[in-house]
Visitor: 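The following block contains the structure, expressed as structure tokens.
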Amino acid sequence: ALLAYAEEMKKLGDRGKELEKKYPEMKVENNDKFKVEEEALMKAMGSFTKAVTATMTKYSNSKEFQEAMAKMSETMRN
């Protein structure tokens with residue numbers, strides 16, 4: 001599940017970069033209309049971070065989980 005999540009986030013990130021180039025005026029910091037969405041995103045990211053942290057603690061000794069986390073990190077970096 002982590003690898004599928006990372007792949008989708010990578011695609012969304014790439015698409016976001018394309019849209020930023022095409023519509024530079026649509027940046028959150030330039031438009032107060034996006035504040036609600038930004039706050040919702042930050043809340044969702046916090047929830048995801050909590051879930052991953054709890055999972056990392058629970059499965060820290062799992063080789064499969066460690067490999068998935070390494071691949072996810074690599075995917076997100078590229």
Visitor: Could you give the distance from OH (Tyr5) to OG1 (Thr75), rounded to the nearest 0.5 Å?
Guide: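 With rounding to 0.5 Å, OH (Tyr5) is 12.0 Å from OG1 (Thr75).
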Visitor: Begin with the C-alpha distance, continue with both residues' side-chain angles, and end with the deciding distance and a verdict on side-chain contact (heavy atoms from CB on, under 4.5 Å) for Val52 and Met69.
Guide: CA-CA 10 Å; Val52 169; Met69 286 299 293; 4.0 Å; yes
Visitor: For atom CD of Glu64, decide whether the heavy atoms of other residues, nucleotides or ligands shown that lie under 6.0 angstrom number more than 12.
Guide: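 No, CD of Glu64 has 12 or fewer neighbouring heavy atoms, counting only those of other groups under 6.0 Å.
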Visitor: Are any of the side-chain nitrogens in Arg77 or Glu74 under 4.0 Å away from the carboxylate oxygens of its partner?
Guide: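 Salt bridge: no.
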Visitor: Say you draw a straight line from CG of Leu3 to CD of Glu8; how long is it, rounded to the nearest 0.5 Å?
Guide: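 CD of Glu8 is found 12.5 Å from CG of Leu3.
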Visitor: Has Tyr59 got more than 12 heavy atoms of other residues, nucleotides or ligands less than 6.0 Å from its OH?
Guide: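 Not more than 12 within 6.0 Å, no.
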Visitor: Using the salt bridge (Lys or Arg N to Asp or Glu O under 4.0 Å) rule, take Glu18 and Arg15 through it: C-alpha gap first, then chi angles, then the decisive distance, then the call.
Guide: CA-CA 5 Å; Glu18 291 172 13; Arg15 180 71 176 131; 3.3 Å; yes
Visitor: Out of curiosity, Phe65 CZ to Lys58 NZ, how far, rounded to the nearest 0.5 Å?
Guide: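 Output value for this atom pair is 11.0 Å.
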Visitor: Starting at CD of Glu38, measure out to NZ of Lys43 and round the result to the nearest 0.5 Å.
Guide: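 Reported value, rounded in 0.5 Å steps: 15.0 Å.
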Visitor: How many angstroms lie between atom CE of Met42 and atom CE of Met45, to the nearest 0.5 angstrom?
Guide: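 The CE atom of Met45 is 5.0 Å from CE of Met42, to the nearest 0.5 Å.
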Visitor: Roughly how far, to the nearest 0.5 Å, is CE of Met72 from CD of Glu67?
Guide: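 One finds 14.5 Å between CD of Glu67 and CE of Met72.
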